[in-house]
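First the proteins, then the strands, lettered A, B, ... as listed; each starts at 1. Just so you know, these numbers use all the heavy atoms, side chains as well, and skip hydrogens, waters and symmetry mates.
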Amino acid sequence: MKLVPILLVWGLAALPLSAQVNSPKIGTARYADGSFHNVQGLPANMIVADLPLDSAQCASFSDSGGLVAQNGIIRLLSPSFSVLAEFSAGERPLLSIDGDLTSALAWLPVAHTLLHWNGTKFETFEVAESDLEGTVTDLQSAGSKQARLLVRHPDNTVSGVTISMRTGNLVSSEPLIGVRGYAFGQGIFVIYAMDKELIVDNLSGYRRTVAFDASDFVAERMSNTWLHLYSPSLRQSWALHLTQADLQLSLLPGLALASSTRGIK
Amino acid sequence: MSRPISFFWLPLALALSSPAQTTTTPAFPFTYYIHDTTGTTADYPLPSIYQFNATPLGNSTHIVLKVVNTSSAPAFMGTVYVAASATTTTVNSNFTVTGLATSIVVPVGGSLLFQVNFSPTTTGAISAYLDTTYQVQASGCSFTSEDPSTQCPSGLNVGAALDGTATTPQLVLSYTTSSGTVTMLQANTSAPLNFGNVSTSASTPITFTLSNESSITLTVPSITVPAPTTYSSNPFSLNASQVPATLAAGASATFIVTFAPGQTGVVSTAIDVGTNTYPIQGAGIVVADVDALQISYVDSTGVRSLPQAATPISFGQLVAGTGTSASLTFTVNNPSTSYNSVVVSSLTVSGTGYSLSGLTGASTFPATILPGASIVFTITFTPTGAGTSPGSMAVGTRSFLLTGTAVASPLPSMSLIVNPSPLSSQQQATVSVQLASAAALSLTGTLSLSFAPSVAKVTTDPAVGFITNSANNPVLTVPISVASGSQAAAYTDSAGTAHTAIVFQTGATAGTITFTVTFPNTPAYTQSYSITPAIIQTTAATAVAQSSQVLLITVTGYDNTYSAGNLNFTFYNTSGSAYPAISYNAASIFQSNFFSSGNTTGGAFVLQATFPVTGDITQIGSVAVSITNSVGQNNQTLTITQ
């Protein structure tokens, strides 16, 4: 990185400006074998580099840090991958971080407990089983005091469930009309696959689709705006760039494992 | 086959008058007999159904009939013909009646001879009836009366049914013995024609004659001499080059079958002429010492074969111009059961493309092979052009023919289709390998990609390559295959999914992508595609007030020329009034990134410009950003996110 001062004439003031140029970073991807990789480049133009991190069973990354879990231990990582905190969950969790470190959440399906990094420590909130009937497929922070979970019901319908991170109580639960099967949240969008299409739906009338062969994908966050999608049946990875203004799905080169040894589930 | 025999009466066309008092038709006065003109067999009554011998189309068979007036009055024989059915007088053209003097009076007990011929014009079963018209001079009528009232009534007798089967036309095969005797061969006989005992150093030809003995032109069926079932090579060779496709009636053609044993022992096979099989046989024997040598060869798969002198030793099919070759390793063994050493006068190989190497067991010729010893050598065929290459090998007086063929390519001509076209940077495009026609065989090959940047001092762009699920980064070669009958090659990924449209990345550097398709024994096919230099392309841009005193402008995109330089920022207040533009030549910081040793993303970049601000930052509404490279200028206006 090279910093160059530039004079900025701004009204009556003359102030320096600095500029820098780097290779664009997409995010951190956990591959099917549990290994981590740094993904750089642009949509449809990606380069993957190995990261010297211990493999993990699940992970989530934002621009501000990451959560990884292996053998029941959840670790909060800085942007440089140093361990900031640990929590012994004793089970395989579902992880999410989509902004600063206080957006770090984990769902412990056996303990039926929500885990939140409040900036200084992990705090837990037990959720009544009656409030969540189904499988949690994703979770995101909804402000500092609530978490929003996507719950897949046995009949394949999906609900958005909001849980208080003060009490662990159910705040609201609403069926997501039209959403079926595995669903994943990204900001205001819900992502799911149906009929050879990947559907991005903001549940308010905005819906975009892209061609997508896999019906069995799973997703993990690579950064604030990038998701890593993986299909165990096709053994194929994709990188999805999703913002309010952009939706781009690219093939992500990746060494896929046999389905019997795949890591993402 | 049985059928009813019916008799009926028709008004006779003969201009004969009948006496008024004799209106009833008389009984049929004649009896038919089958007559043997050689006298060997006594006449016997024509049965109610007579079956002719099966008769080849164009040939004819016949019977001789004797008709006897067995009534008690003279009988007038009008006509005799063969009708198409029992209820018509229409003549069946497959039969003719010859040798009969008609319109004559046959006295009581008198007889006539005539012939009925079966000369079919179409193959298959044919049925007909022997019809006879007649009168009987009885009850006061007279054959010669001109008075209608005394004329004899006429009758029509529908007699025996005549059945015949017309077979396909027949050709006759014969050969001429050394004494000049022509001997006709009997198909499907158990007695084979014997070529006799022939030295393994010699050969015996026999010329056969195929004759069309029918009266029409016939198509000559296929003539083959299959290899004996116990031999991989045929000691009999066939030269039917002089046999035409058709033979006119009465014409003939000759072909030659040569028995040239390369091994000792009795062998049997046959000459097949269409569906007719003519057994033949011969025996390879030892006359001179060299005849006792056992000559064999091993191909690349390890299969050992015993060559016969009559059949060329095949080196298979290769592809011309690819430098490929085929080798066979020969062993010439003097059996340990031999009493004598064998002197081989010479070992020679001739023919274009054939070469001899790897000789062991002998260093010079003449060479002596002791009982139980062998000499081993290799003959290699390297085609010099497409087509069949004849050659020969001689071990002393033991000669064997060699043959090898070369074709231009086992695959039809290839082409590539890229989509989209033309290519540009930052794409995941597809390339398809198409064949001009369906492949005649299945092949596995490779599709390779190389990239030549057009940017000075840049040698590669790691993002350029095929996207697979078997490597963590773009790769430059993928295996492809073509299935027999297919017109496209496919890449099969690690999940077993076949892709005819193979995905590749174009990177972020201007240059030329070259694809090379390689299949075994096929000239490589290469095609190149340019990625032209372009103005800077942005994929994302933001302008954010990071604090009350700092504005951060972030632009993400690529410069495939690596020449980005001037930056220009023009800020506007919320009312739309512009502040003085700020320009800066950022070439050095761009190039520091593009040309750093650790750069793996080609011309991709993220530019972050930070502007310290004094005053009320919320008054800044937007900023126009322009970035210039060697091709042109990228412009965009960003709204400030407070």
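- Neither the backbone nor the side chain of A/Asp213 has a heavy atom closer than 4.5 Å to any heavy atom of chain B.
- Taking the centre of each ring, A/Tyr182 and A/Phe217 come in below the 6.0 Å mark.
- With respect to chain A, the highest number of heavy-atom pairs below 4.5 Å among B/Gly496, B/Gly557, B/Ala540 belongs to B/Gly557.
- Aromatic rings of A/Trp238 and A/Phe212 (six-membered ring for Trp) have centroids within the 6.0 Å cut-off, being under it.
- Taking a 6.0 Å sphere around CG of B/Asn585, one finds it holds more than 12 heavy atoms contributed by other residues, nucleotides or ligands.
- Heavy atoms closer than 4.5 Å to chain A are found in the backbone of B/Gln427, but not in its side chain.
- The ring of B/Phe569 has its center closer than 6.0 angstrom to the ring center of B/Phe611.
- Heavy atoms closer than 4.5 Å to chain A are found in both the backbone and the side chain of B/Thr600.
- Contacts between residues 42-49 of chain A and chain B, defined by a heavy-atom separation under 4.5 Å, are made by A/Leu42, A/Pro43, A/Ala44, A/Asn45, A/Met46, A/Ile47, A/Val48.
- A donor-acceptor pair under 3.5 Å is absent between the side-chain atoms of B/Gln505 and the main chain of B/Gln428, judged by distance alone.
- A salt bridge does not link A/Asp63 to A/Arg221: none of the charged nitrogens lies less than 4.0 Å from a carboxylate oxygen.
- Under the side chain to side chain donor-acceptor pair (under 3.5 Å) test applied with B/Ser448, the options B/Thr514, B/Thr477, B/Thr516 reduce to a single match, B/Thr477.
- Using a 4.5 Å cut-off between heavy atoms, B/Phe594 does not touch chain A at all.
- With no hydrogens or angles considered, a side-chain donor-acceptor pair links B/Ser630 and B/Ser563 at under 3.5 Å.
- Of the atoms belonging to A/Ser237, not a single heavy atom falls under 4.5 Å from chain B.
- Within 6.0 Å of the CD atom in B/Gln636, the count of heavy atoms belonging to other residues, nucleotides or ligands exceeds 12.
- Put simply, of B/Ala586, B/Gly507, B/Ser425, the one with the most heavy-atom pairs under 4.5 Å next to chain A is B/Gly507.
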